[in-house]
Protein chains: 2
Amino acid sequence: MLTCEESRILTTSVRQRRPAFDRENGVEIARRLFHASGYDAVGIADLTQALGIVPPSLYAAYGSKLGLFERVLQSYCANNTLPLEKHLRPGRPPAEALTELMVAAARHYTRDPEQLGCMVTEAMQADDQQARALAASLAKTGSDVIRSYVAQYAARKDVERIADYVLLNLRGLSSYARLGYTQKKLVDCSRTAGRALDAEFA
Amino acid sequence: MLTCEESRILTTSVRQRRPAFDRENGVEIARRLFHASGYDAVGIADLTQALGIVPPSLYAAYGSKLGLFERVLQSYCANNTLPLEKHLRPGRPPAEALTELMVAAARHYTRDPEQLGCMVTEAMQADDQQARALAASLAKTGSDVIRSYVAQYAARKDVERIADYVLLNLRGLSSYARLGYTQKKLVDCSRTAGRALDAEFA
DNA sequence: AAATATATATATCGATCGCTACATGCGTCG
DNA sequence: CGACGCATGTAGCGATCGATATATATATTT
């Protein structure tokens with residue numbers, strides 16, 4: 001049984017005056033735009049047109065272009081990043097696991113011709129300084145997972161170098177995916193990159 | 001002995017009314033700006049301010065922002081690219097030569113904190129479509145040199161894959177240089193990348 | 001010296017950037 | 001009902017984008 005006060009708070013906080021527009025779906029649509037063209041190249045006009053709203057609605061919902069982009073990045077990380085833990089699960093040869101990770105990245109980055117590469121990785125090279133910072137912060141999470149995985153198998157002095165090598169190749173895969181390289185070429189590159197890991201962990 | 005007409009053509013084509021401003025030096029200054037910030041992020045105002053001129057002078061001298069950028073890229077390729085032929089000279093183990101090339105790239109890309117990475121490679125990711133096309137055209141020259149070098153040592157079916165792998169790592173080196181990675185880290189990455197080539201050419 | 005040609009400087013152009021003040025429509029509440 | 005609150009639509013903000021029309025200054029040619 002709710003008190004009168006509790007009931008009032010509940011209804012007012014849950015209630016939606018008007019459906020407005022679907023903000024979650026808006027983030028999804030914006031994600032496609034940002035992924036396809038990058039942060040700088042997508043303007044407010046592009047976003048509002050795609051969302052079927054006018055600028056004030058966008059700013060009321062997300063605060064700013066950067067605010068929307070932050071939500072987009074979070075949504076992307078929650079749903080679209082590589083399942084790092086899946087590929088890097090313990091108990092298998094690390095060179096094999098890391099190679100499989102790079103191959104999976106090659107496939108993932110070329111899955112959809114309009115969503116090429118890794119949005120986080122690419123956003124780290126945006127012209128806008130704040131967008132770069134957002135992306136870098138999110139990218140660090142992934143880098144740390146890879147680094148600490150490598151640390152379980154490699155000598156302390158080699159950890160940083162090997163992790164950097166894998167990350168650099170992932171960066172290259174994302175770039176080349178955006179340049180239009182075929183999935184086959186990128187998978188081949190990933191396998192070739194893996195041969196260095198075979199040598200490292202031999 | 002020149003005819004009157006020949007003499008006239010000669011003098012009119014050679015003559016310089018006023019020194020105007022030093023266009024070659026202007027290209028040099030613009031090169032630094034474009035290399036530091038990328039094509040999209042450098043505006044006409046930045047350029048004219050750095051050159052100490054006003055917009056009409058810039059347009060009279062170079063035609064357009066893109067025209068100036070084209071001159072900049074050509075100057076860059078003529079003076080600042082890696083000496084591919086030097087590192088890829090014949091008669092040495094190809095894995096060694098290609099590794100040395102990547103190490104040299106790592107050094108070159110981090111030589112000057114304000115000129116990080118490879119300007120051509122980075123320009124291929126510009127938002128402006130025409131700037132991308134210019135850069136891609138120039139980049140192809142370099143790619144072809146590496147590909148045909150690899151073709152001298154690898155089996156036909158492996159050439160494309162190995163060349164792509166090297167190019168992808170060069171792309172990663174340029175990106176990571178721009179992200180602020182230290183020279184040491186990038187050199188380490190290059191050496192690590194070379195281990196895959198050791199295996200390939202073994 | 002007069003005429004011509006060139007390069008400069010002044011002062012914008014129209015378009016687009018991210019963003020917002022303001023009025024209106026709509027729904028909820030006293 | 002009438003007052004209030006919120007999200008919308010209209011219209012436009014100041015700033016910057018790449019690029020220019022126009023006029024002036026300078027230097028060469030006749």
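Excluded from the calculations below are hydrogen atoms, water molecules and symmetry mates; all remaining heavy atoms, backbone and side chain alike, are included. Just so we're on the same page: letters track the sequence lines, and every chain starts at 1. Quick caveat, the model's predicted, so the values are computed rather than measured.
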Sort me out a list of protein N/O and nucleotides 14-20 of chain C N/O pairs below 3.5 Å, or just none if empty.
from, atom 1, to, atom 2, distance (Å)
C:dG18, OP1, A:V42, O, 3.4
C:dG18, OP1, A:K65, NZ, 2.7
C:dG18, OP2, A:I44, N, 2.8
C:dC19, OP2, A:Y59, OH, 2.8
C:dC19, OP2, A:K65, N, 3.1
C:dC19, O5', A:Y59, OH, 3.2

With a cut-off of 3.5 Å and sequence neighbours excluded, list every side-chain donor-acceptor pair involving residues 54-64 of chain B.
from, atom 1, to, atom 2, distance (Å)
B:Y62, OH, B:R23, O, 2.8
B:S64, OG, B:L66, N, 3.3
B:S64, OG, B:G67, N, 2.9

Quiz prompt | Angle by which the axis turns from one end of the helix from C:dA1-D:dT30 to C:dG30-D:dC1 to the other, five pairs per end, to 10 degrees | solution =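 One end axis against the other gives 30°.
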Distance in angstrom units between [X] [atom1] and [N] [atom2], rounded:
{"X": "A:L51", "N": "D:dT8", "atom1": "CG", "atom2": "C1'", "value": "15 Å"}
{"X": "A:L58", "N": "D:dT10", "atom1": "CG", "atom2": "C1'", "value": "17 Å"}
{"X": "A:I53", "N": "D:dC6", "atom1": "CD1", "atom2": "C1'", "value": "16 Å"}
{"X": "B:Q130", "N": "D:dA19", "atom1": "CD", "atom2": "C1'", "value": "14 Å"}
{"X": "B:R23", "N": "C:dT6", "atom1": "CZ", "atom2": "P", "value": "12 Å"}
{"X": "B:L68", "N": "D:dA19", "atom1": "CG", "atom2": "P", "value": "11 Å"}
{"X": "B:L47", "N": "D:dT16", "atom1": "CG", "atom2": "P", "value": "16 Å"}

Quiz prompt | Whether B:Y39 and B:F34 hold their rings parallel, tilted or perpendicular, with breakpoints at 30° and 60° | solution =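 Parallel.
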Quiz prompt | Residue pair B:D128, B:R132: steps toward the salt bridge (Lys or Arg N to Asp or Glu O under 4.0 Å) verdict | solution = CA-CA 6 Å; B:D128 185 281; B:R132 279 203 308 270; over 6 Å; no
Quiz prompt | Enclosure of B:E114 CD (heavy-atom neighbours >12, cutoff 6.0 Å) | solution =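 No - once you tally the heavy atoms of other residues, nucleotides and ligands closer than 6.0 Å, there are 12 at most.
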Quiz item: If only atom types and distance count, is the side chain of B:Y153 paired as donor or acceptor with the main-chain N or O of B:A95 below 3.5 Å?
Solution: no
Self-check item: Distance-only donor-acceptor check, side chains A:R171 and A:S175, under 3.5 Å
Solution: yes
Quiz prompt | No-hydrogen, no-angle side-chain donor-acceptor test under 3.5 Å, B:H35 and B:R32 | solution = no
Exercise. Check whether any side-chain N or O of B:S57 sits under 4.0 Å from OP1 or OP2 of C:dT8, and answer yes or no.
Key: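 The answer is yes; a side-chain N or O of B:S57 sits under 4.0 Å from OP1 or OP2.
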Quiz item: Passes salt bridge (Lys or Arg N to Asp or Glu O under 4.0 Å), B:K140 versus B:D144? Steps please.
Solution: CA-CA 6 Å; B:K140 187 172 186 314; B:D144 288 343; 2.8 Å; yes
Quiz item: Hey, is A:D158 close enough to A:R161 for a salt bridge, meaning N to O under 4.0 Å?
Solution: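 Salt bridge present between A:D158 and A:R161.
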